[in-house]
Protein chains: 2
Amino acid sequence: MSVSLTERHYGEYTAGRSGKMKLSTKGRYGLRALIDLAQYSGDGPVSITSISVRQDLSERYLEQLMSLLKKAGLVRSIRGAGGGYVLAKDTKEISVGDVLRALEGSLEPVDCPGLDPEGGCKAADSCVTKYVWKRINESITRTVDEISLDQLVEESRKKCASDADRTKCKN
Amino acid sequence: MSVSLTERHYGEYTAGRSGKMKLSTKGRYGLRALIDLAQYSGDGPVSITSISVRQDLSERYLEQLMSLLKKAGLVRSIRGAGGGYVLAKDTKEISVGDVLRALEGSLEPVDCPGLDPEGGCKAADSCVTKYVWKRINESITRTVDEISLDQLVEESRKKCASDADRTKCKN
DNA sequence: AGAAATCCCAGTAAATTACTAGGAAATATG
DNA sequence: CATATTTCCTAGTAATTTACTGGGATTTCT
């Protein structure tokens with residue numbers, strides 16, 4: 001009989017029964033983590049451990065998400081004891097779109113080769129659906145780019161201020 | 001040595017290297033098929049075989065997509081020789097949103113239990129990201145619901161009318 | 001020196017996608 | 001009435017992706 005010692009962070013396979021057009025846990029967890037980071041930074045860098053405890057996320061997994069955010073230039077890291085992460089820009093300068101693209105890659109609903117010139121889509125010029133994917137893409141982009149991290153942090157502050165039980169404040 | 005007799009419709013695993021937030025082939029193929037159906041109906045029902053030839057899609061797979069469209073009440077079927085499919089409504093009454101939801105299921109980027117009342121999201125009331133997913137959902141919904149099949153058929157007609165080589169007209 | 005962090009890479013079970021396959025049932029036509 | 005054509009239904013499967021876990025090197029503060 002084998003016993004697993006490490007408790008599994010009970011997984012969300014793209015939030016229960018999935019359809020498509022879903023954000024993965026990367027985008028969902030990552031945005032929560034970044035809001036948390038924004039809230040708790042100010043007195044020095046914020047460690048992955050502290051975020052993972054507050055937000056109830058796997059420490060190891062979060063590590064990977066932070067790496068993506070770093071690569072995208074949204075956060076900076078400070079190594080060694082007492083280290084952690086800080087935002088690389090002001091919260092007003094970071095949009096939800098920046099965060100999600102860093103974590104999920106392109107948010108375009110279809111990687112249509114007809115959308116960029118060098119692609120080799122056979123039906124490129126007679127392609128009608130391309131127009132649809134473009135419209136969807138524009139509307140998603142517009143939406144996520146007009147929400148700033150700043151707004152979310154503010155919103156969270158309001159909600160959690162009135163909340164006696166801080167552990168419930170998980171974004 | 002074994003030889004495969006059935007040629008595989010060389011697959012698109014969600015359009016090459018995927019990210020997330022992607023439409024599956026169901027949505028992409030299905031919309032093309034429905035545009036085709038709209039264009040070629042008028043003189044009786046349109047068969048799956050004819051659509052699959054014109055649009056270069058797997059006949060068997062398309063069958064499954066049509067079944068979904070039927071279940072959603074977008075098309076009606078006529079069985080037996082000379083049968084096929086016809087639109088169940090006018091093209092003006094069918095939106096891209098109707099089609100995509102029939103094929104892909106919900107288009108919401110996150111199945112957030114906090115979004116419907118009876119869900120059991122622990123962080124429900126302090127959940128800030130929920131607001132983001134709601135905004136994205138609204139913008140996608142608005143966009144896909146304001147494009148009608150009618151518009152796409154018209155667009156396709158314009159493009160293909162000036163196209164000598166009909167085989168290129170694949171939507 | 002030692003603890004606390006980030007960093008980096010590898011592995012894996014579960015889920016999903018994008019099909020293929022087989023055959024039953026219905027219907028028009030010769 | 002036989003036959004071809006067509007929808008209908010269910011099952012199977014290889015490739016791919018997701019959502020993690022794990023080990024260990026490296027950096028830095030104390």
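Chain naming here is simple, since letters A, B, ... match the order of the sequence lines and numbering starts at 1 in each.
In the displayed structure, A:Lys92 atom NZ is contacted under 6.0 Å by at most 12 heavy atoms of other residues, nucleotides or ligands.
A straight line from CG of B:Leu57 to C1' of C:dA18 spans 12 Å, rounded to a whole angstrom. Atom P of nucleotide C:dA21 and atom OH of B:Tyr61 are separated by 16 Å, given to the nearest angstrom. Whole-Å rounding puts the A:Tyr85 OH to D:dT27 C1' distance at 13 Å. Put simply, NZ on B:Lys22 is 13 Å from C1' on D:dT17, counting in whole angstrom units. One interatomic measurement links the two molecules: CZ of A:Arg60 to P of D:dG23, which rounds to 9 Å at whole-angstrom precision. Nucleotide C:dT17 holds its P atom 14 Å from the NZ atom of B:Lys20, rounded to whole Å. Nucleotide D:dA19 holds its P atom 13 Å from the CG atom of A:Leu68, rounded to whole Å. Here the P atom of nucleotide C:dT17 and the CZ atom of B:Arg28 are 12 Å apart, to the nearest Å.
Here the closest heavy-atom approach between residue B:Lys26 and residue B:Leu103 is recorded as O-CD1, 3.4 Å. Closest approach of B:Leu74 and B:Ala102 over heavy atoms only: CD1-CB, 4.2 Å. Nearest heavy atom pair, residue B:Leu62 against residue B:Ser52, reads CD2-N, 3.8 Å.
When the side-chain nitrogen and oxygen atoms of A:Tyr29 are compared with OP1 and OP2 of D:dA19, none of them lie within a distance under 4.0 Å. Taking 4.0 angstrom as the limit, A:Ser58 places a side-chain polar atom (N or O) nearer than this to OP1 or OP2 of D:dT21. Residue A:Ser77 places at least one side-chain N or O closer than 4.0 Å to OP1 or OP2 of C:dC7. Put simply, A:Ser24 has a side-chain N or O that comes within less than 4.0 Å of OP1 or OP2 on D:dA19.
In this structure, the nucleotide among C:dA21, D:dT7, C:dA18 sitting nearest to the side chain of B:Gln64 is C:dA21. The B:Thr25 side chain lies nearest to C:dC19 when the options are D:dT18, D:dC8, C:dC19. When distances run from any side-chain atom of A:Glu63 to the nucleotides C:dA18, C:dT20, C:dC7, the shortest one goes to C:dC7.
In this structure, A:Glu138 does not pair ionically with A:Arg135, as no charged nitrogen and carboxylate oxygen lie closer than 4.0 Å. Looking at A:Arg101 and A:Asp98, a side-chain N of the basic residue comes within less than 4.0 Å of a carboxylate O on the acidic one, giving a salt bridge.
Residues meeting the side chain to side chain donor-acceptor pair (under 3.5 Å) test with A:Ser77, sequence neighbours left out: A:Lys70.
As judged by a 4.0 angstrom heavy-atom cut-off over every strand, B:Lys70 is placed among residues touching the sugar-phosphate backbone only.
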Sugar-phosphate means primed atoms, P, OP1 and OP2; the rest is base. With that split, encode nucleotides 25-30 of chain C 5' to 3' as B, S or - using protein heavy atoms under 4.0 Å. BBBS--
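Place B:Met66 and A:Lys26 on DNA chain D by their nearest nucleotides, and B:Met66 ends up nearer the 5' end.
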